[in-house]
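Worksheet for the structure shown next.
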There are 2 protein chains.
Amino acid sequence: MGTTDPASPTGDGRSALDAVLDEVLAARRAERTVMSTSADRAARVVREQVVEGHLRSGTRLPEERLAGALGVSRNTLREALSQLVAERILVREPNRGVVVATPAVVDVEDVYRVRRLVEPAALARGTGHTPERIAAVAAAVTEGREAGERGDWDGVASANQHFHRAVVSLAGSPRLDAQMDLLLAEMRLFFHQMGAPERFHRPYLEENAAIAGLLTSGDRQGAADRLDAYLAAAEGQLVAAFRDRD
Amino acid sequence: MGTTDPASPTGDGRSALDAVLDEVLAARRAERTVMSTSADRAARVVREQVVEGHLRSGTRLPEERLAGALGVSRNTLREALSQLVAERILVREPNRGVVVATPAVVDVEDVYRVRRLVEPAALARGTGHTPERIAAVAAAVTEGREAGERGDWDGVASANQHFHRAVVSLAGSPRLDAQMDLLLAEMRLFFHQMGAPERFHRPYLEENAAIAGLLTSGDRQGAADRLDAYLAAAEGQLVAAFRDRD
DNA sequence: ACACTAAGGATTGTTGAACAATTCTTCAAT
DNA sequence: ATTGAAGAATTGTTCAACAATCCTTAGTGT
């Protein structure tokens, strides 16, 4: 392709140097996008505290104190909180502030409505199933098995989330992945509200393994059907646990 | 049943009156939630201007002037803009502000990736298919037919969106509906970037009718398959139109 | 004519303080 | 034990400021 001449002074108007400089600039911008804005960082911290269970459902988040703790102005914090409200992790009560969401049975049902529609479909449709993505599903299975063997139940729960995340990622859609992340964050809220996560995730280790096996063997529809049944059972358990806690 | 005694003074601690008053309070709060915050209103106005095509792709949105025009402070506007960035309607360029998103081919492909996964699945799975929701699908078809008969192509486009929205709503999931609204807003951005919406929507009137027919006749899988083909064709057209514009 | 540089102006990211409106608390009076 | 009213605290929102960054432009040298 000809003009790989470094620093060609004239001609196309844009020298090869210009192209390189553009690239450098774009890289710097992308880099800065990672550290992102102050509000995004604040949102990330609060979200982490909520999904980790350190901020329990129903706790009120006073803006002044929280802003102080995060080392950020009240205005900036407000932007962060709005973001988390949009993610359904927090709930805004007009003139009363923001509280950590307390999911109800309808929320569990709706999250599973979406998951049961999306996850089996991602398995059944072959589109996007690259070897790497299929390998990611298998990797989540072994991650869960290893965590189970050393009795690390938090690890099992985490691996389980990775499994379902990997299933959705089979489709290869950034938008779908982002949506799934929100749903999984909500799931963690559910778990914190009932407690006893170990019992809950234990039996699904083998389920995940079976589904991954069907997937790698090429039986996509079988994998999808099995996942649907899996999700139905899990939803039933969760809803039952929620109803007990009323 | 039983204690429908009005104003029972003691006993359960909470009288029936208390319950009513709680309801009134909740209603007032819900009411106020509708008018919502100042930032939400600003976001709605800007979003409307973008999806209606009055603010074209790539136009920069200076905060000071825009805030002035909307009668809102720069801080509040900022919150609104962040929301729209999260919806992918706007794009934030660090230290350079916010511009109306200019979708690329990858965006079209990804939106259709999600739609082709979700919409056929919503049809094929019977769950949630109440008579009212099925009627809503049929209503969107007649809305489109009538708009076509009087040559109202904007109306056809709008009805087409209502059709797909109704298809997803068959599942009866608020979360899925919200997600679909975002995708449809992105779709409108796509259309504005290519132009000529009449040619695009015209042939799909009959498709919609056929799909609705299959649905009402109980052939859910047939409806799903046909919708999948429909979406594949539409995506192909859109992508082709996008590639021309490069 | 052309590329390079420096200065100046404009815009963004973020903060701090303010203030009306609303909600929560306290506490006395019935 | 309820009610009511005063007072404190919090939210929703605005305004003004400032450093950091970007954009423009005019000038400089070649």
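When reading the values below, keep in mind they use all heavy atoms of this one structure, side chains included, and skip hydrogens, waters and symmetry mates. Within every chain, numbering begins at 1; the chains are lettered A, B, ... in the order of the sequence lines, protein sequences first and strands thereafter.
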Atom pair distance, as rounded to whole Å: CG in B/L66 and P in C/dT11: 13 Å

Candidates B/L182, B/D177, B/L184 - the one meeting side chain to side chain contact (heavy atoms under 4.5 Å, CB included) with B/M180: B/L184

Cation over ring face, B/R116 and B/Y112, 6.0 Å, 45°: no

Protein proximity profile, nucleotides 11-18 of chain D - base contact B, sugar-phosphate-only contact S, no contact -, cut-off 4.0 Å on heavy atoms: BBBBB-B-

Derivation of the side-chain hydrogen bond (donor to acceptor under 3.5 Å, both in side chains) call for B/R115 and B/H164: CA-CA 9 Å; B/R115 293 186 62 186; B/H164 292 280; 3.2 Å; yes

Salt bridge A/R188-A/E52, side-chain N to carboxylate O under 4.0 Å: yes

From CA spacing to verdict: side-chain hydrogen bond (donor to acceptor under 3.5 Å, both in side chains), A/R41, A/T37: CA-CA 7 Å; A/R41 260 168 297 153; A/T37 78; over 6 Å; no

For atom CG of B/L81 and atom C1' of C/dT11, their distance in whole Å: 13 Å

